[in-house]
Structures are given as C-alpha cells and as structure tokens.
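A quick write-up on the structure given underneath.
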Amino acid sequence: MVIYEPKKIEEKWGKEYQESGIFTAKINKDKKKFFLTVPVPYPDGYLHLGQLYTWTRADIYARFMRMRGYNVLFPQSFHFTGGPVATISLRIRNGEKALIDRFVNQGVPPEQVKKFGENPLNLTLYFTDAIKRDFIDTGMSIDWSRSFMLSYTKSYSKFVQWQFRKLREKGLITQGTHPVIWCPNENTPLGDHDRLVGEGEYPIQFDIIKFPLDGYFLPAATLRPETIFGVTNIWLNPNIEYREIILDSGERWIVSAEFESKLKFQLKNVKSSKTFDTNSLLHKKVRNPITGEEIPILAADFVDKNIATGVVMSVPMHAPFDFVYLKRIEKEYPNIKPKKIIDVQGTEDLMKEALDKFGEKDLDSATRFVYNKELNFGVMNQNCADFSGMSVKDARKKMEEKLESMGLLDRFYEPSGEVICRCGARGVVKVLENQWFIDYSNKEWKDRTLNHVMSMKIYPEEAKPQLVDAIVNMEEKAAVRKGGLGTPLPWDQDWLIEPLSDSTIYMSFYTIAHLIQKIDEEKINDELFDYVFLDGPAPSGIDESILKEMKQEFDYWYPVDLRITGRELIPNHVAFYIFTHVAIFPQNKWPRSLGINGWITVNKQKLSKSKGGLTIRSELEKYGADELRLVAYSANGIDDADWDTSNINSFDERINFLMSVIELLNGIKGERKVFDEYLLSKINSIVDEVTENFENMRYRSAIFGAFFESTDLLKFYLEIGGNSNETIKRTIETIIRLVHPVFPFITEELDKRLGGKQLLEEYESWPVSDPSLKNEAIENEMDVLKNTIEDIKNLLNLLKVKPNQIIIRIADKGRFEAYNSLVSEVEKSRDLSELQKKFGRYDFLLGFLKNPKRLPDRRLDHDLEHRVFSESRDYLMRLFNSDIKVEISDDKKAIPGKPGIKIA
RNA sequence: GCAGAGGUAGCGAAGUGGUCCAACGCGUAAGGCUUAGGACCUUAUGGCUUAGCGCCCUCGUGGGUUCAAAUCCCACCCUCUGCACCA
C-alpha cells in the first residue's frame, strides 16, 4: 500500500526544480514568449492564504503556458514605498503589546521584533525574505533573478524619475491645491489605516455665507446655500468660546475658537484675534442679504463647535435640527414661523414625514432623509423670488454664484465625520498647496486608454465594465506626498512620489533589472532609459554589450501578456497601470490582458493581514504545498469565494488512488473493451474543456474536470471491468499533465513513477486532444447503461425483492431504425402533431411523443447498445448480486435507449 | 448620492432555450466498516403516483415571447462591493 506523503515529495521536487533553473527566463527567439506579473506585495507582515490565492492563480498560468511551449517570464518584486511600515515601527517602539504579540505568535523572534521598532527598514527587509521563502515553498515558479524593491532600489528610483519627467514633458502633470484629511499633531496626511476612528471619511466643502452686522461678518456655514430663502434666525452656542478675528483681507469675523485654529490649514491667515462676548449679540438682528429680512440671533446648544464656524443659519422648515429646536422655544418667540421654500412632489409635509420616520432622537438620519429628498426631487417654490421653479440642484449652484458675486461667499472644508489619528489627535482638513497631480482627467489620454482597454482581453469579461467605469471617472490624482519612503520628485525634491504612482510601469523594469545592476549608479540616466525603452540614441560611457542586452531583453519580453490581480485594485492601480503605459510606451508595448480575482475566505473566515492568523507560513506547517494550492479551486473568476479545506481530504484520497493504480499497473493486462473507447473519448473531451478553462482562468471548472471528474471516470472504468494497461496508463498520464500546473510536486512524482524522464515543464507536455478518439455513439450508449442501472435500482427498491435473475431486453434493429428516423425528423421540426401522425403507429415511441421536452435528439446504435450491456454483464452481476441475461427482444417495453427490464 | 456586481434546493455553487427536480461539494438521515470516534463506502434528501412510466409544484416577485424558459424581453423588490492621495 502506497501512501501520499506531501512533505517528502515536495522537498525532493522543490530541490529538483530549483536546480534545473527552468524558472530563470532567458531569451529564446524560437519560442513564443509569455510575460505575466502579479502586483508587488507590501512587506509589512506575513502574507495570508487569501494572497496565496492570487499568486497560485498566476503560477498555474505560468506553468500551463510553459507546458504549452511558451517561454515564460514570471518575476516578482516588493514594494517599499509608503507610510504604513513607519506606523507599525512606531507602534512597536511605543510598546504596543497586541501588535508585538501578533508578530511573536507568528513566529518572529522577539529580538527581531524589537529591531522592527528601531527602523522600519528592518521590518520590510525581514518580511521580504519571509514572503520570498513562502513563495518558493508553495511552488511558485518565479524567476528571482530580476527581483528589486520599489523604490528602495536606487536604479529603480532613477527609472521612476525618468517616468515622471516623461509624464511632465507630455503635459500630464499638473500642480494645484487639494484638501486632505490631516493630522495637526504629526503634520502628515491621515490615510485610512492611520486612523483610530473615521475610516472612509473624506473632506467635504461647506459654503460660508457672510451675514454683515455692524462692521463684522457672522459667517454661517452651510451645505445648502439655496435655503437662505427660508432662514428665520441665526444660531450661536452660548456654551462655546467665540472669537473676533481679523483676516488678511481686513474682514472681521465672529467664529468659534476651534474654527480659528483650523483656518491656518486652509490657506487663510488670521492677523489678530480676541475673545468675543456673544451675549452682546444675542437677540440682535441681522439682515438676510438675499431676502432683505431682519432676522434675530438666538442661542442654541446643539451648535457643534467642531464643525465649521460655529455660526449656523436656521432653516426650520428644511432642517430637522432647526425645526425641533425652534419648537422648544416657540413660546418665547411666537413671531418666528418656519418658512417653506422647497416643494417636493408627492409630499405635503416632508419634515413631518422625516420626524415620524426617525423620531426626535435620531435627527441625523432625519436630516439625511430631508436633504436627499430635497436635493433630488425638490423644486424652489414661490417664496424664492427669481429662483422660483428652479430645481434644488440648479438653485444651489446659482445661489453660490450669486453670493460670490456679492462678495458674501467663502468656503471651508471639514471631514465628513469625526477622524481620530492613531496618535490621538483630531483630524482636520488641510488644503495642500502646490501639490503635484497626474492628470488622469486629460481627455485625449483618457480616450486613448479607454480605446485600448476595449481591445484588451480580460478574464473574466465581467470585470471590463468596472475597469471602463473606473477610467471614465478618473480625475486628477495626487502623485506626491510628504514623509515615508519613496523616490523624490525630480524637479521638486520636497515631495516624494507616492506608492500608487511609482508602481505603474515597473513591470518594464523586470526586463532589465538583472542587468542594470552591472552599471554604475551614477551612469544611470534618462538617456539610458530612453535608449532601452523608447529606441533613443545609445548613451555614452556605458558598456555597449550590456546596453544592447538590456534593449534586447525589453524588446523580446515586453509587453506584459497577463497581469493577475485582485479586483480591489481595478479602480486605482490597474487603471493607473494602463494609463501610464499608454502615455509612455508605444502601442505595441501596452498591456495585453488582465486576470481578475475576488476575495477569498477560508472556511468562511475573513482574512486580513493586519489581524494575523492563517498566514501562508502557518498553513504550510499543516499542509503540503500541493494541498494548499487547492485554494485555486475555490472560485472561477471575480467572485468572492470560500475555500473549504475539507476538500483536501478528497484531494489526498484521489492522489492515493492514482498512486495505487500506478503501483498495480504492471499486473493489469486486459483486453480492450467498449469501455476503453468510452474512457478515452471522455478524457479526450476533458482535455479540450480543461485547456479552454485554464486559458480563460476559470480554474474551478478546470480543476474540477482535470482532477475530480477525470479520476471519477477512471474509477468507474475500473469498476465496470475495464482493464487495459495501455488505456489506464494513457489516462493517468493525461490527468497528471492536466493538473500539473495546479499540483506541481505530486504530479512530477507520479510522472516519474510512470516512467517520465524530464520535468513536465521542460518540454511541450500539455496534452493535445485527438478528434479521432471522440466517440459520441459510445458516450450515448454508456449513458443508456447508467440510466438503466438507475432504473433497475428503482425497481428493486420498489419491489423489495432479492432478484435471482434480471433480464435486460434490448430493442431489436427495426426499432432502432424507427427511433433514429424520429430523431432525424425532430431535427427538422418539433411539431408534435406532425410527428405523432408520422410515428404514432409505433407504440414503443409513444412515450417520446407526449410533450416537446421529451422528444429524443440523440441517435442510438442497436449493435453498440447490445455490446455495452453484454460487456458489462459481469459488473452488473456483481452490482445486483444476481444473474444477468441480456437479450434482443420485441417486448413492448424494449425501447431504444431504454431497454426493458424483467426481474425474475 | 454616483457607479459596478448579483438574487438557483437547509447552505455553498454550476447551469444561460429542450433528458433540469436542477451537476458538484457541504450539511442532514439510514446502512456498511470500526471496540468506539474520525476517516472511508453505499443509499436517501419537493409532493403524489407507478414493476423502471407518469403527473403537479419549484430557480427573488409579477407579467410577456416560444411548441418549449432558471435560461430571452419588460416592470418591480432585495442584497453585496468601490468612491482616491491610501497599499
């Protein structure tokens, strides 16, 4: 008895593969090249099984293409650019226990974790090695000779600078101001994962309407300037500190102290300021600059000091907070009446509706409800002077223009919700000045990119609309940041190129990464890159042979034939990747195809790098690499999928089965029967299906056919009495080859045991289907056999008897002729009454003629049907523990494709 | 709000005009194997009915096209994902 022991086998073949060097890609002009890449991982921790999924999908394709005779380049690098490692390092330095424990529990030595805290680079370098080891141990057929670190590798930084100069020359870099969420304590932008609270919050713009009053302005902040027609009063909060400030423009504003402190982040300078006693203002009146009405200034404690100016204009009919608050004090101010200025079709009283729905306890939801309804369906009513009849959307724009022209409008950004930095500080919005952007909104560039995307092959095609959508909606993208690791912007060294912008065309660097190391750093310049990538003149001072070699490498390997990535990157990285190729390279170097996959859960458990757990490393201790690679079976394409690890049992069981058969193969020496033709025909179809499924990255279907369906067929063949040595050997050889891309180690082992001489990827070992093996007639008749076995089982269950003899009555030749001519007629017409007229006289065909669904469409062969049953007689006797008699009969139940059954 | 994807048996998931009551897997139940458990094997898993036939109900809801629909068309309901300076 042979037993599958993955570890031993994988160690042996892992070594064999490394020594063979076949993953190290070399130019070979006799072969078609195939270049595929996977995004660079960010080495801030161990990779988890979800990430293994993406790389396994890539590796399967790489191996598949090698077996089909392609010269494959599958390199891998690492991304060092960016901020998160710095945060992690800092958290370790601060002694954050949970984080330290996580690393230690994952097997990082404690001294090493301590080093992570000393320098972020210690962390990145450590995990770069760790991830590389994981990839090797899981059998990724990666060419490591071309590996580098973005943008830590110096020559690569020079490449990125070249790229940015090119973009700038083409007018695709712009400069401008831009609001970001900012930590005032650490003086850096607050990315989502730098936040303790407020992931997903973004800057929103408030309009500030300046109400003039006695030489001051009362700047009321609002998202809805058009509601100024309905203002009944101004709210100030008596419990917060207000200050009188003088701006550079000379204007005096009354604002909350908090607002004053935030102004400096938004390009406004406060010349002087002093505390201001709001009590002096309360009950004074201020003039509404649009309607001319006199409105009072009242106290309200719901005014939030953290939002904008701390001055609010009250529009009770259209803002639930104002409405509810006004109601509380209506006795004191009987003259203040809510004023309706927006009509929404289909509702008389939207405010009442909102308050009924959400109650006074949830005024935030009520506010959202009213705002949305009015924005989308509202029309300004007769109280709005020349704005009457305008939609709310239009009115908002018009009102902003009007106020602006009157000099009464200003703007201010606030976060859309509370944001707290990991350091504990409250996030604010900072308007960054002179920020550099890549102008993905450039019309001509966008059109060219879209055109190219339309011609790209995308697996699965469903992902294409998402990508197109992302590109259409792409705007200017901030390309630089302050702080963190990265390449300095060549013409403005204060800025570092941010990670999504320095990783758009790095795939081209793979073609030269192993050669550029040989060149002195100082000699690497733009001319070099122009020469290699854009056919520019050769630069001087560099060894000509290396130059030539680099250029040959690029010309041979580029473009990327297939890029494999998770679908979360579609709206950013993938889009930038295509955009930038279109901008920089000639058309024949643009990306050819994309393979997109979804997220994966393992036994329903969500995976996340930051939470640790289920790392590739930890699972490799439990399972073999081939077993882990079964993860590719989880889904076909872009769908999110669950990897059910219990599949591993079924995998092992089948491997054991194949090993046993191989072991016993020499002793099997039977004759060919009808089953041989059946098995070969089926396997032959599987070869075609599997090839097509692999080609289109439908791995679930591919593995199902190549492994599960095919081994089931082989089992069935053996059970039913097939015992031709040649057929079995041929079938197993085919199965091994079909699943080799997925399970490389065990299949090499099995192939050797079957007498294979070379590594499966060293020659064109992919099975090719042979149309002459396709035998539909036999497949049809084998289906008849299977159906008949089912029928007999049903019958025996029903009768509850142990049979002595079962007689199978095959219809005679004449009946098959009648049946087949019915099939021919059906192909011409499915008109039931016509067919009944023609064939009604054959009582054995009546069952087919009752309803259109039952009309037969497969031709059947009398001799073959007889042969199938005769040759499976032994099997049937074993199965039913009964004598079996097969006879040709004119019994009325002996129907072609449905033999009569007589239990005796 | 804007955009994208999707609703199939207890669950996951195939199937895109005809052997579809719907592959495959999980779960559940019964039996076998085992000292026992696990693993493994067999069988069952909408209803009625019958010597294997057949009939009815089912693929988010409602309607339509067709000899024939989970599959095509229309309307409606519901769910999930992304929205940027962040890898």
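Below, each value reflects all heavy atoms present in this structure, side chains not excepted, and no hydrogens, waters or symmetry copies.
Note on A/Glu653 versus A/Lys715: salt bridge recorded, some NZ/NE/NH1/NH2 to OD/OE distance being below 4.0 Å. Between A/Glu226 and A/Arg396, at least one side-chain N (NZ, or NE/NH1/NH2) sits under 4.0 Å from a carboxylate O, which counts as a salt bridge.
Residues passing the side chain to side chain contact (heavy atoms under 4.5 Å, CB included) test with A/Asp439 are A/Thr174, A/Ser441, A/Asn442, A/Glu476, sequence neighbours excluded. Taking A/Glu475 as the reference, nothing meets the salt bridge (charged side-chain N to carboxylate O under 4.0 Å, His left out) condition, with sequence neighbours excluded. In this view, A/Glu887 and A/Arg809, A/Lys885 satisfy the salt bridge (charged side-chain N to carboxylate O under 4.0 Å, His left out) rule, not counting sequence neighbours. By the salt bridge (charged side-chain N to carboxylate O under 4.0 Å, His left out) test, A/Asp469 pairs with no residue at all, sequence neighbours left out. Among residues two or more places apart in sequence or in another chain, the side chain to side chain contact (heavy atoms under 4.5 Å, CB included) test is passed with A/Lys397 by none. Every residue two or more places apart in sequence or in another chain that forms a side chain to side chain contact (heavy atoms under 4.5 Å, CB included) with A/Lys893 is listed here: A/Asp891. A search for salt bridge (charged side-chain N to carboxylate O under 4.0 Å, His left out) contacts involving A/Glu776 returns nothing, not counting sequence neighbours. Residues passing the side chain to side chain contact (heavy atoms under 4.5 Å, CB included) test with A/Thr128 are A/Pro43, A/Phe78, A/Phe80, A/Met149, sequence neighbours excluded.
The closest side-chain donor-acceptor pair between A/Thr81 and A/Asp502 falls under 3.5 angstrom. A donor-acceptor pair shorter than 3.5 Å can be found between the side chains of A/Gln76 and A/Trp55.
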Give me the distances for all protein-to-nucleotides 45-51 of chain B N/O pairs that come in under 3.5 Å?
none

All N/O pairs under 3.5 Å across the protein-nucleotides 53-55 of chain B interface:
| unit_1 | atom_1 | unit_2 | atom_2 | d |
| --- | --- | --- | --- | --- |
| B/G54 | OP1 | A/Arg854 | NE | 3.1 |
| B/G54 | OP1 | A/Arg854 | NH1 | 2.9 |
| B/G54 | OP1 | A/Arg854 | NH2 | 2.5 |

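Closest approach to the A/Pro465 side chain among B/A87, B/G4, B/C85 is made by B/G4 (side chain taken as heavy atoms from C-beta onward). Which of B/G4, B/A84, B/U43 sits closest to the side chain of A/Lys477 comes down to B/A84. In the set B/A87, B/G12, B/A5, the nucleotide with an atom closest to the side chain of A/Asn572 is B/A87. In the set B/A84, B/U19, B/C85, B/A84 carries the atom at the smallest distance from any side-chain atom of A/Met474. Considering only side-chain atoms of A/His79, the nucleotide from B/C41, B/A87, B/C85 that sits closest is B/A87. In this structure, the nucleotide among B/C85, B/C24, B/A5 sitting nearest to the side chain of A/Tyr633 is B/C24. If you check B/C85, B/A87, B/A5 against the side chain of A/Leu500, the one that comes closest is B/A87.
Separation of the C1' atoms belonging to B/A44 and B/C21 is 15 Å when rounded to the nearest angstrom. Spacing between B/G47 and B/A23 at atom P, rounded to whole Å, works out to 16 Å. Nucleotides B/G31 and B/G37 have their P atoms positioned 12 Å apart, rounded to a whole Å. Taking the P atom of each, B/G10 and B/C59 are spaced 12 Å apart, rounded to whole Å. Remark: the separation of the P atoms in B/A70 and B/U19 is 9 Å, to the nearest Å. Taking the C1' atom of each, B/U79 and B/C24 are spaced 25 Å apart, rounded to whole Å. On the C1' atoms, B/U49 is 8 Å away from B/C55, given to the nearest whole Å. For the P atoms, the distance from B/A14 to B/G7 is 9 Å, rounded to whole Å.
A/Leu223 places its CG atom 13 Å from the C1' atom of B/G1, with the value rounded to the nearest Å. If you take CD1 of A/Ile204 and C1' of B/C83, they are 15 Å apart, rounded to a whole angstrom. To the nearest angstrom, P of B/C83 lies 13 Å from CD1 of A/Ile570. Regarding A/Tyr699, its OH atom lies at a distance of 25 Å from the P atom of B/C24, rounded to whole Å. Between the CZ atom of A/Phe708 and the P atom of B/C24 there is a distance of 13 Å, rounded to whole Å. As rounded to whole Å, 11 Å separates atom P of B/G25 from atom CD of A/Glu709. Atom CG of A/Asn434 and atom P of B/C85 are 19 Å apart (whole Å). Between the CG atom of A/Leu876 and the P atom of B/G52 there is a distance of 20 Å, rounded to whole Å.
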**Request:** Can you run through RNA chain B from 5' to 3' and write each base as (, ), [, ], | or . depending on how it pairs? Watson-Crick or G-U wobble, both distances under 3.5 Å.
**Result:** ((((((((.[[[..)..(.....]]]((((((.......))))))(((.....)))...[[[[[..)....]]]]])))))))....
List the atom pairs, donor and acceptor, that lie under 3.5 Å between side-chain atoms in residues 895-904 of chain A and the rest of the protein, sequence neighbours left out.
| unit_1 | atom_1 | unit_2 | atom_2 | d |
| --- | --- | --- | --- | --- |
| A/Lys898 | NZ | A/Asp791 | OD2 | 3.1 |

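Heavy-atom nearest nucleotides on RNA chain B were determined for A/Thr81 and for A/Glu790, and the one closer to the 5' end corresponds to A/Glu790. Closest-nucleotide positions on RNA chain B for A/Arg654 and A/Glu498 were compared, and the one nearer the 5' end corresponds to A/Arg654.
As judged by a 4.0 angstrom heavy-atom cut-off over every strand, A/Pro179 is placed among residues making no nucleic acid contact. Note on A/Ile792: nothing from the nucleic acid sits closer than 4.0 angstrom, heavy atoms only. Counting non-hydrogen atoms under 4.0 angstrom, A/Asp469 reaches the backbone sugars and phosphates but no base.
Stacking of A/Lys430 on the aromatic ring of A/Tyr413 is not recorded, the 6.0 Å distance cut-off and the 45° axial limit not both being met.
Judged by distance alone with a 3.5 Å cut-off, a donor-acceptor contact links the side chain of A/Glu475 to the base of B/A84.
At the phosphate of B/C86, OP1 or OP2 sits under 4.0 Å from a side-chain N or O atom of A/Arg481.
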